[in-house]
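Everything below concerns the one structure shown next.
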Amino acid sequence: MAEEKDIKYKMVFIYIIMILLAIGIIGRILNLQSTPKEVWESMMQTVQKEKIKPFRGDICACDGSILATSMPSYSIHWDLTVSGITDTAFNNNIDSLSKCLSKLFEDYSPEEYAQRFKKARKEKKQYCEVHKKVTHSELNILKKFPLFKGSRYKTGLITQQEYNREQITDLLSTRTIGKFKKDSPLTGIEGAFNEELSGKEGYLVLKKISSGERAVIESSDEENTTEPEDGSNIITTLDYNIQDFAERALEKQLIKYNATYGTVILMEVKTGKIRALCNLEKNSDGNYTEQMNRGVGTKMDPGSTFKLATMIAILETGKYDLDDTIDTKKGILNLKGATIKDDHEGGLGKITVRQIFEKSSNVGFATMTEKVFGNNPENFINYLYNMHLNKKTGIEIHGEPQPYIKYPGDADWWSGTYLYNSYGYELELTPLQLLTFYNAVANEGVMVKPHLLECVMSHGKITRKGETEILNSSICSKETLNKVQELLIGVVKNGTAKQIYTEKYPIAGKTGTAQIYIQGQKKYEKEDGTKDHRASFAGYFPADKPKYSCIVVISDPKEHSYYGSSVAAPVFKTIADKIYTIDYDLQHQKEFNISKFKNSQTIPISKNGDRIILDRILSKLRIELDNVEFSETPLVSTTRNKNKIRIDPLPSPPGVVPNVVGMGLRDAMYELKNKKLDVTVIGRGTVKKQSITPGSKIPQNNKIIIELGS
């Protein structure tokens, strides 16, 4: 009995416990059902940080003209649950807001906008899309619309910034500037200075609810936001004007001779600053575009331009002088398994060392090299190595290969290697590496490192300067240097480059015509018995006081000629002539004085365009500006007015096509691309016509054609 009674007590106790638990569960359920949705959402939110990308810095020419920039665009979303928007404010202003958005973006009707936002408000959306790919000017307009005025915490307006990298010109320096694409290796200046251009990321604190929607957490900026540090601007050594006409001269010659590709590099002698770096190559459509940076990244047999290095090595030994005589016989030499030929029918016979260089005799160079270095070829190679010819220049941008100059004992060295080396074969250098050597000769034997950095600027202040770096303090003796400088002038005055001789200023340089080696077949001759050639010219000007050095290489010209003298040298001359006309230092002219002009018709004509650049140029020329009272505007039109140039503002409101007639290509491209227009360019010179009337709305296809002329 006692046991049964005990069991009953235990059962009663268990029943009581179960009843209490049931009551508790039912109470909890009732409590949960009565809890507001907003409380549940707040409990389900998680806090996270989102990165804020900084503005990527600009890449500019040496005068500050923009070559590549980041065009900002924004994705706009709206948190319709923020406490700053009351039901009354929303209902009173949503129709006005919808009309404004419809007019600005011209994509949806006001009714469609209003319906979407009312539905999102009802569903308490925290991340309702307003519009994507909004420009900076459109964003500024949008922030003045009803319900969008004020801070983002009061309006609920969420802006996410993105940047599209744009090159202001479609052709100039494309490979040198480099490409900036997501998930792709950076090239050119974009890659070399990526750290400076990138800046530092900031972050924004966000809340995320279970539905996947999100909104900015409602608290102060100081507590939740770390602002990004924008990237610095890279000011390059490139001169936009020199780059432009160098590219034109190269393109014209490539078309004339139906060549495969060409490159031009122009450098300041004393500093190593690269003022122009052009690379054009025929594409599948038959047009010439920038595809590879051949000047920096492609090594090749230099041919006769390398004879300058050989001549220095020979003269340094003291075994030959310029007026010594060498018998080149009939222009054919068989020596140590090598067959060497001159490109002069019947040969040149007995000529001086000076004439061997000026007329570019392969037989003459091989003969001298054999007599001086035949017993110890390594001495010849050592001279080349001591001149830094076996080392990279170290230019900032990536892709420069190691020069290829064999040494006795290497696996591919043979008895005739050094003889072929003497006139530029069985060794490989890039055009930039060869130019760096020629520049050293112009610079009194001091070899400086070529560079593209003028300075790094952050918030208008210079944080780093590009410095001139010496690679070799003396490539040879002063006596030898004087002799080869004399020889280079002789090539232009009396030798293979005499067609570019001018009495205006002295030019020094050397022509080169090299057969193109077929790598896969390891020979120069093609299956049909023909050979392709590479024409080149390397030199500097003015020869009496060198300021610029330059190299021109044109590969595989198929029509008219393939010689360096007729294909490459004229490009050098065209560039040098143009620079000579615009560089006052070269002409030793006195400062321009406006008082010399008699009437307004002799005032220089100026193109419409950037006001800052115009101010700078006209100030230097001491030409006064008229009508400067109006507020500062980035773009102006110009007209001659007595002894002044009148400037008037060129308005460029958002959403409409700007007026670029009268502008140069650079200013026109910058203004049109800033409007996100897809530009097709026809012709050269100043913009004479545009396919869309200025002031018209930007078309949906974003395409415009501009015609240029003189």
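All residue numbers refer to positions in the sequence shown, counting from 1.
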Pair Val82-Thr155, side chain to side chain contact (heavy atoms under 4.5 Å, CB included): steps then yes or no
CA-CA 7 Å; Val82 294; Thr155 65; over 6 Å; no
Would you check if the side chain of Arg275 reaches a backbone N or O of Thr237 as a donor-acceptor pair within less than 3.5 Å?
yes
Closest non-hydrogen atom pair between Asn93 and Pro146, with its separation:
OD1-CB, 3.9 Å
Within the side chain of Gln126, is there an N or O that forms a donor-acceptor pair under 3.5 Å with the backbone of Thr81?
no
Is there a side-chain contact between Val657 and Gln690, using heavy atoms and a 4.5 Å cut-off?
yes
Side chain Asp63, main chain Ser65, donor-acceptor under 3.5 Å
yes
Go through it in stages, so that I can follow the logic: the residues are Ile85 and Trp78, the test is side chain to side chain contact (heavy atoms under 4.5 Å, CB included), and I'd like the CA-CA distance, side-chain angles, deciding distance and then a yes or no.
CA-CA 11 Å; Ile85 302 177; Trp78 193 10; 3.5 Å; yes
Any donor-acceptor pair under 3.5 Å linking the side-chain atoms of Ser198 with those of Arg56?
yes
Please report the shortest heavy-atom distance between Cys278 and Gln243, naming the atom on each side.
SG-NE2, 3.5 Å
In Å and rounded to the nearest 0.5 Å, what is the NE2 to OG1 distance from His398 to Thr187?
9.0 Å
Value rounded to 0.5 Å, distance of CG in Asn92 from OG1 in Thr86
8.0 Å
Looking at Asp244 and Arg248, is any side-chain nitrogen of the basic one under 4.0 Å from a carboxylate oxygen of the acidic one?
yes
What pairs meet the side chain to side chain donor-acceptor pair (under 3.5 Å) rule with one or both residues in residues 112-121, with sequence neighbours excluded?
Asp87-Arg121, Asp107-Tyr113, Ser109-Glu112
Judged by atom type as modelled, is there a donor-acceptor pair below 3.5 Å linking the side chain of Glu281 to the main-chain atoms of Gln291?
no
Do you know the tightest heavy-atom contact between Val687 and Ala668?
CG2-CB, 3.8 Å
Kindly say whether Ser98 contributes a backbone atom to a donor-acceptor pair with the side chain of Ser102 at under 3.5 angstrom?
no
Glu196 side chain to Gly57 main-chain N or O, any donor-acceptor pair under 3.5 Å?
no
Would you find a donor on one side and an acceptor on the other, under 3.5 Å apart, between the side chain of Glu396 and the backbone of Leu453?
yes
Heavy-atom nearest pair, Ile692 first then Pro699, reads CD1-CG, 3.6 Å
Between Asn279 and Gly295 the two heavy atoms that sit nearest each other are OD1-N, 2.9 Å
How about CZ on Phe90, more than 12 heavy atoms from neighbouring residues, nucleotides or ligands closer than 6.0 Å, or not?
yes
Nearest 0.5 angstrom please: Leu67 CG to Ile189 CD1, how far?
7.5 Å
Euclidean distance, Thr686 OG1 relative to Leu708 CG, rounded to 0.5 Å
7.0 Å
How many angstroms lie between OG in Ser75 and CD1 in Ile158, if you round to the nearest 0.5 Å?
11.5 Å
So if I apply the side-chain contact (heavy atoms from CB on, under 4.5 Å) rule between Val134 and each of Ile76, Ile141, Thr159, which one comes out positive?
Ile76
Show your reasoning for whether side chain to side chain contact (heavy atoms under 4.5 Å, CB included) applies to Val681 and Met669.
CA-CA 9 Å; Val681 181; Met669 289 294 290; 3.9 Å; yes
Which residues share a salt bridge (charged side-chain N to carboxylate O under 4.0 Å, His left out) with Lys703, sequence neighbours left out
Asp678
Could you report the tightest heavy-atom contact between Ala276 and Ile242, atom names first, then the distance?
CB-CG2, 3.8 Å
Would you check if the side chain of Asn233 reaches a backbone N or O of Ile235 as a donor-acceptor pair within less than 3.5 Å?
no
Compare all side-chain heavy atoms of Pro54 with those of Glu201 and state whether any distance is below 4.5 angstrom.
yes
Could you check whether any side-chain heavy atom of Thr289 comes within less than 4.5 Å of a side-chain heavy atom of Leu280, counting everything from C-beta outward?
no
Quickly, which of Phe148, Tyr108, Phe105, Phe145 forms a ring-ring contact (aromatic ring centres under 6.0 Å, His included) with His131? Name it, please.
Phe105
Can you sort out the partners of Lys461 under salt bridge (charged side-chain N to carboxylate O under 4.0 Å, His left out), two or more places apart, ordered by chain and number?
none
Spatial distance of atom NZ (Lys689) from atom CD1 (Ile705) [nearest 0.5 Å]:
9.5 Å
Just wondering, do Thr236 and Glu454 contact through their side chains at under 4.5 Å, heavy atoms?
no
Are any side-chain N or O atoms of Asp58 and backbone N or O atoms of Cys60, one a donor and one an acceptor, separated by less than 3.5 Å?
no
Can you list the steps and then say if Asn293 with Leu277 is a side chain to side chain contact (heavy atoms under 4.5 Å, CB included)?
CA-CA 9 Å; Asn293 196 333; Leu277 178 49; 4.0 Å; yes
Is there a donor-acceptor contact under 3.5 Å from the side chain of Ser458 to the main chain of Ser232?
no
